[in-house]
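Please read these numbers as outputs of a predicted model, since none were measured by experiment. Throughout, protein chains are lettered first and strands after them, A, B, ... in sequence-line order, and every chain is numbered starting at 1.
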2 protein chains.
Amino acid sequence: MLPGSVTLTEVAAAAGVGESTASRVLRNHGSFSQATRERVLAAAAQLGYVPNRIAGTLASAGSNLIGILIPSLTNIVFSDVLRGANAVIDAEGFQAVVGVTNYDPRREEALVASMLSWRPAAMMVAGLEHSERTRALLAASGSRVCELLDIDGPGLDLVVGFSNEGAGRAAARHLLARGYKRFGYLGRDFGRDTRAGKRYRGFVETLREAGLTLADEEIVPVSSSIEAGRVGTDRMLERTPGVEAIYYANDDMAIGGYFHCLANGLSVPSQLALFGHNGLDVGRFAPQVMSTIRTPRVGIGETGMRLVLAGASAQTVDLGFELVEGETA
Amino acid sequence: MLPGSVTLTEVAAAAGVGESTASRVLRNHGSFSQATRERVLAAAAQLGYVPNRIAGTLASAGSNLIGILIPSLTNIVFSDVLRGANAVIDAEGFQAVVGVTNYDPRREEALVASMLSWRPAAMMVAGLEHSERTRALLAASGSRVCELLDIDGPGLDLVVGFSNEGAGRAAARHLLARGYKRFGYLGRDFGRDTRAGKRYRGFVETLREAGLTLADEEIVPVSSSIEAGRVGTDRMLERTPGVEAIYYANDDMAIGGYFHCLANGLSVPSQLALFGHNGLDVGRFAPQVMSTIRTPRVGIGETGMRLVLAGASAQTVDLGFELVEGETA
DNA sequence: CTGAAAGCGCTAACAA
DNA sequence: TTGTTAGCGCTTTCAG
């Protein structure tokens, strides 16, 4: 294959044993004498042998590859999920093949096909919404599939997450209980982030049940979340002066809003209340603790991966979320 | 392999052509008639064929896998590098296999060996410091290697980054030019993050050249960077009241320090000046723009990947950094 | 333009 | 305990 790539055959020859014997020793599987073992190991070390898993996987059964598809690397949420999954992957001797979809179903489809061509032991994907073909590919692959971060809907196989609609509802209930009446919503494109869309719907629905509606809402088209929060808050307050509380699509945006308030001498939460989503450190250690919903992101990645590798049966696992009362709302 | 996995042989049979012909059509390589093409494609689609790259790679030359090793997923810096590299990887039809070392040389070694067993087209690793065996494995692999984020030292093959020592020096020069005299340093364990250690040395060395020394310094052992910055700043100010400016290992810590000031009514920069490192959004959109050094993280991943795939010759590429004057120092 | 045949490097029976 | 023998699914000469 590559220049200088030592093969099992060469190691076996150098050790003066058959290929299969060398293979058994190297994988520590099957039986062989102590003397043989030493000779093979010595030969392997001396030649700098690195097993070729491509050949190994082809000859045996499944690979130790785990395909992981996340929408974005900019968003800490997905890094956290990846981190959780990776901890288990490492511990169990698997390897992560990761792809970034940019929230694009077509890209997701292409990446699924591409990953499946490596016959991964399992596929982890974000969310429950996938194209028809993605679903078909996944179903036909025979690999275990685990959908993460959302449980509001039917899954393909394993599903591990929390209810985004429920999170939106909880946020609304909290703000209503605090006595706020005029609400604003600041988010990003739902077409891409369907989970944020579910939170929005839960939020609005809960307001509606209380006989209220959003006073203003905006989808900010700026790429940086913090900037979007800051700019969006500014614009909304100017446009709709009576807004008392803003529900943000995530903590980054909420922090942006908080920065706007700090920079403009607006007192939080009396002049403007802020509510985020995720429970990031930046909100936790801000001058005023951000009111938000803490999601078990690392745990989701970890649990999902663990269940997949344990061969758990198809099921939906709700890891819940925790409302952080905070000081901003 | 997996149950239900359709093979090329089956597609060929269904299309009524030989295996090699089907292979040529599917890879769009070599020659075949239009009619054959259509039959093969139809058969493949109908059977839901997903090529097996494991077999393909074994039979042909190299894989389309790129091994990427980063120290941490918690630190946005590495997500950014990964993002840059991934953009190119995607565009060129490669796949990223990622591993997280947790700044641990042993883990790095194990992951390098494990990744090399998949015969990746290239390996991207963070930094220039590696164990003897890691270096040997990489050198013997025949794969291209690209070391990222640091150029202060000799590399194995391609090196793309900026000078961390230079960044430390630039930070010191800036603070000295601003007239500060009593400095503090707040960071994390250098044994793990050698790049932060290089910045520290550049900083201290520059102070020394100006006839100054650090008034106080601390390695904060808290896991969250923002929290570490907030807590560490608090402790340092209490312990060494005269400190005028703190140089932080990164922006997260600096933001933590900034939050401490905001929460305690300390005016920045007059009562305490803050200087970070990285140029993250959180500092860019804070009430006062964070004084820091912006590093081209995404560009480093992108450039490194591009050079590797273009087969560029071994070299060190300095992508530099930009000092952000900011309002906190 | 197409098919037959020989592997790629390794694993997994099966004998010995 | 060991070696021999078939493949794993695909690509790649090389004839036809």
>> Just the rounded figure in Å: distance from C1' of C:dG9 to CZ of B:Arg53.
In response: 19 Å

> Does A:Arg27 put a side-chain nitrogen or oxygen below 4.0 Å from OP1 or OP2 of C:dA12?
Replying inline: yes

> So, are A:Asp90 and B:Arg107 salt-bridged, with charged N and O less than 4.0 Å apart?
Replying inline: yes

> Do the side chain of B:Arg24 and the base of C:dG3 come within less than 3.5 angstrom through a donor-acceptor pair of N or O atoms?
Replying inline: yes

>> Tell me the interatomic distance from B:Arg119, atom CZ, to C:dC10, atom P, rounded to whole angstroms.
In response: 7 Å

> Nearest-Å distance, NE2 (A:His29) to C1' (C:dC10)?
Replying inline: 14 Å

>> Under 4.0 Å, counting only non-hydrogen atoms across every strand here, what does A:Ser31 touch: a base, just sugar-phosphate, or nothing?
In response: base

> If you check every side-chain atom of B:Tyr49, which of C:dC10, D:dT12, D:dC10 has the closest atom?
Replying inline: D:dC10

>> I need the CZ-P distance between A:Phe32 and C:dT11, as an integer number of Å.
In response: 13 Å

> So, is B:Thr36 near the phosphate of C:dT2, with a side-chain N or O under 4.0 Å from OP1 or OP2?
Replying inline: yes

> Can A:Lys198 and A:Glu129 be said to form a salt bridge (Lys or Arg N to Asp or Glu O under 4.0 Å), step by step?
Replying inline: CA-CA 12 Å; A:Lys198 289 175 180 181; A:Glu129 283 77 30; 3.0 Å; yes

>> To the closest 0.5 Å, what do you measure between CD1 (A:Ile89) and CD1 (A:Ile66)?
In response: 5.0 Å

> Quick one: A:Glu19 CD to D:dA6 C1', roughly how many Å, whole number?
Replying inline: 12 Å

>> Let me spell it out: for each of B:Ala59 and B:Val17, pick the nucleotide of DNA chain C with the closest heavy atom. Which residue's pick is nearer the 5' end?
In response: B:Val17

> Would you call B:Ser131 and B:Arg106 a side-chain contact if the rule is heavy atoms closer than 4.5 Å?
Replying inline: no

> Rounded to whole angstrom units, what separation is found between the CG atom of A:Asn28 and the P atom of C:dA12?
Replying inline: 14 Å

> How long is the line joining CG of A:Leu58 and C1' of D:dG7, in whole Å?
Replying inline: 9 Å

> Mapping B:Ala55 and B:Ser20 onto DNA chain D by nearest heavy atom, which one lands closer to the 5' end?
Replying inline: B:Ala55

> Which one, D:dG9, D:dT2, D:dT11, comes nearest to the side chain of B:Ser60?
Replying inline: D:dT11

> A:Ser33 near the nucleic acid: base, sugar-phosphate alone, or nothing, with a heavy-atom cut-off under 4.0 Å?
Replying inline: sugar-phosphate

> What is the distance from CG of A:Leu116 to C1' of D:dG9, rounded to the nearest Å?
Replying inline: 16 Å

> So which of B:Asn64, B:Thr57, B:Asn52 actually passes side-chain hydrogen bond (donor to acceptor under 3.5 Å, both in side chains) with A:Trp118?
Replying inline: B:Asn64

